[in-house]
Amino acid sequence: MSSLLQDLQARGLIADMANREELERLLAPGAPPLTVYVGFDPTADSLHLGHLIGLLILRRFQLAGHRPIALAGGATGMIGDPSGKSAERNLLSVEALEANIAGIQAQLSRLLDFESTTNPALLVNNADWMRPISILDFLRDIGKHFSVNAMMAKDSVRSRMEAASGISFTEFSYSLLQAYDFLHLNETHGCVLQAGGADQWGNITAGIDLIRRKTEQVACGLTTPLLTKTDGTKFGKTEGGAIWLSPERTSVYRFYQFLIQVEDAQVIQLLRYFTFLPLEEIAALEAQHAAGPERREAHKQLALELTTLIHGEAATADAVRASEILFGGSLEGITEKQFHEVGAEVPNVTLSRTLLGQPGAGLLEVLVAAGLSPSKGQARKDVEAGGVNINNVRATDAKLVLSPEHLLFGEFVLLRKGKRNYALVRFETELTPTEGW
RNA sequence: GGGCAGAUACCCAAGUGGCCAACGGGGGAAGACUGUAAAUCUUCUGGCUUUGCCUUCACAGGUUCGAAUCCUGUUCUGCCCA
């Protein structure tokens, strides 16, 4: 077996393979580079952690000398994949899809090398070949090769057929479109392998079948396990929503913290999935973790590796430093420079300095203004439960009004709710009081 | 088109004239114990100027001293018949 496949397998990244023998032959030592593609639905202007496994598969292939193609589903995104969805999707407008693709492209370039002279990555948009095709041509050339009987047997389709709401013809046809993508990439780029999450199995094999019928070529498929948390819910989602790769949507600090806070039971698996650390190194971390889980070396390494990969070294270093300070306990002795680094990583709110000592600077009001509590009633409960800290000192009085002696470095108050929800409030001199505050 | 059932807080779900801001479960928040983990335990989970007050039980009216609960109409959902 090729070292690439071996590595993927050892990392637990292979859920299933289609035409395994052929794939092993294509990846055998000395074989020429192959072309692999992974598709992404551009449902937002940023990718999130859920997309990352697929992206990293492409990166792994590229690092092994192969040619990765990232396919943005500009066309298929207009339809919506029924796989793994319980309900019919909302359709996106063309403009929204294009904006999303532009956003995603920027993120891809961090992970894939588009400039390489030997095996550059490629970003394609399936709208480019889907739009021009006429419905008659599609039905004749593509639809002809599919049996409705077989399509109805698919889990994703059958479960929706049994449900009361049913499935639209549009979504029913989805796998034909994805199959056509694979065929198209096979014909134009010699792509012989499609990878994706385990939920993509049916769509991938549909493409392989289509390629075989049209060209008599044996194409291959590879699926990765779906990542879930140990409670079965989706990985990479928090109450606040998905963990995005774009720092505008999820701050580097939050991204780093999300990984630091990963459950123990998962951290080793995530190291294997998401990092490029050699397996021996991961095994060493596993041993370290088992010996002293409270040191959380594996978590730190995971967060460091992945945050660096996505956000770069400088931003990661800031997030690490901010984390050390925020979770290091007292703010005693912190320098102004350090404090500013922390401030950059947590949500910021600016209030007028004239409020200090006034009712508008009441602790409850400020908690709501800072977004830490949804209402004053809730803020009151948070304080009474002992969950609110001012400058890392527990606040016990709900009637407390912030005054100049609470300020750090003359203008800041660092609020914390619970263990890890921080907000930096800045009392600025020049600011005109905002309505109501 | 006809008949039946239902609509309660983030979700599920009790309540069928006053004791109801509304049982219970899930989810969420905070605290304790820890390690920024898991498990466990405790408290909270409509709003507020919080020993009290205000607004809620699909919507609009009505009966009543008093309605989530009774009546009328409307909208929506599910099921059955055509």
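Per chain, numbering begins at 1; letters A, B, ... match sequence-line order.
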Original post:
What is the base-pairing partner of B:rU16, counting Watson-Crick and G-U wobble geometry with both distances under 3.5 Å?
Top reply: none
Protein N or O to nucleotides 21-24 of chain B N or O, pairs below 3.5 Å:
none

**OP:** Not counting sequence neighbours, which residues clear side chain to side chain contact (heavy atoms under 4.5 Å, CB included) with A:V349? List them please.
**Re:** A:L351, A:A370
**OP:** Could you check whether the rings of A:H51 and A:F40 sit parallel, tilted or perpendicular, using 30° and 60° as the cut-offs?
**Re:** perpendicular
**OP:** Considering only atom P, compute the distance from B:rG26 to B:rU43 and round it to an integer number of Å.
**Re:** 14 Å
Subject >> Donor-acceptor pair, side chain of A:H66 and main chain of A:L34, under 3.5 angstrom >> reply: yes
Subject >> P spacing across the pair B:rA14 / B:rC81, given as an integer number of angstrom >> reply: 26 Å
Subject >> P gap between B:rG27 and B:rU63, integer Å >> reply: 46 Å
Original post:
Does a donor on one side chain and an acceptor on the other come within less than 3.5 Å for A:S246 and A:Q107?
Top reply: no
Subject >> For A:R321, all residues meeting side-chain hydrogen bond (donor to acceptor under 3.5 Å, both in side chains), sequence neighbours excluded >> reply: A:E341
Original post:
Taking the side chain as C-beta and beyond, is there a heavy-atom pair between A:F274 and A:E305 under 4.5 Å?
Top reply: no
Using a cutoff of under 3.5 Å, can you pull out all pairs of nitrogen or oxygen atoms linking the protein to nucleotides 33-36 of chain B, with atom names and distances?
residue	atom	partner	partner atom	Å
B:rU34	N3	A:K419	NZ	3.3
B:rU34	O4	A:K419	NZ	2.1
B:rG35	N1	A:D264	OD2	2.7
B:rG35	N2	A:D264	OD1	2.6
B:rG35	N2	A:D264	OD2	3.3
B:rU36	O2'	A:R296	NH2	3.2
B:rU36	O2	A:Q257	OE1	2.6
B:rU36	O2	A:Q261	NE2	2.8
B:rU36	N3	A:Q257	OE1	3.0
B:rU36	N3	A:Q257	NE2	3.2

Subject >> Set of residues satisfying side chain to side chain contact (heavy atoms under 4.5 Å, CB included) with respect to A:N389, sequence neighbours excluded >> reply: A:R394, A:R416
Original post:
What residue pairs, at least two apart or across chains, pass ring pair (Phe, Tyr, Trp, His ring centres under 6.0 Å) with a residue in residues 278-301 of chain A?
Top reply: A:H289-A:H299
I'd like a list of close polar pairs between nucleotides 40-42 of chain B and the protein, N/O only, cut-off under 3.5 Å.
none

Original post:
Who is the Watson-Crick or G-U wobble partner of B:rA67, with both distances under 3.5 Å?
Top reply: none
Subject >> Pair partner, B:rC10 [Watson-Crick or wobble, under 3.5 Å] >> reply: B:rG26
Subject >> Complementary nucleotide for B:rU77 - Watson-Crick or wobble, under 3.5 Å >> reply: B:rA5
Original post:
Once each nucleotide of nucleotides 44-55 of chain B is scored for protein heavy atoms under 4.0 Å, what B/S/- sequence comes out, 5' to 3'?
Top reply: SS-SSSB-----
**OP:** If the plane angle is over 60° it's perpendicular, under 30° parallel, otherwise tilted; pick one for A:F339 and A:F412.
**Re:** tilted
Original post:
By side-chain hydrogen bond (donor to acceptor under 3.5 Å, both in side chains), which residues pair with A:Q257, not counting sequence neighbours?
Top reply: A:Q261, A:S323
**OP:** Sticking with atom C1', work out how far B:rC33 lies from B:rA38, rounded to a whole angstrom.
**Re:** 13 Å
Original post:
In chain order, what residues pass the salt bridge (charged side-chain N to carboxylate O under 4.0 Å, His left out) check against A:E384, with sequence neighbours excluded?
Top reply: none
**OP:** Assign A:N389 to base, sugar-phosphate, or nothing according to its heavy-atom contacts below 4.0 angstrom with the strands shown.
**Re:** nothing
**OP:** Please name all residues satisfying salt bridge (charged side-chain N to carboxylate O under 4.0 Å, His left out) with A:R380, sequence neighbours left out, ordered by chain then number.
**Re:** none
Subject >> Nearest-0.5 Å distance, CG of residue A:L71 to CG of residue A:D41 >> reply: 9.5 Å
Subject >> Gap between atoms CG and P, on A:L271 and B:rA37 respectively (whole Å) >> reply: 18 Å
Subject >> Residues in side-chain hydrogen bond (donor to acceptor under 3.5 Å, both in side chains) contact with A:Y37, at least two apart in sequence or another chain >> reply: A:Q194
**OP:** Using the C1' atoms only, state how far B:rU55 lies from B:rU40, rounded to an integer number of Å.
**Re:** 38 Å
Original post:
Distance between the C1' atoms of B:rU69 and B:rU16, in whole angstroms?
Top reply: 5 Å
**OP:** Take atom C1' in B:rG17 and the same atom in B:rA68, then report the distance between them in whole Å.
**Re:** 11 Å
Original post:
On a whole-Å scale, what distance lies between the P atoms belonging to B:rC12 and B:rG62?
Top reply: 31 Å
Original post:
Do other residues, nucleotides or ligands put more than 12 heavy atoms under 6.0 Å from the CD atom of A:E115?
Top reply: no
Subject >> For B:rU34, the Watson-Crick or wobble counterpart (both distances under 3.5 Å) >> reply: none
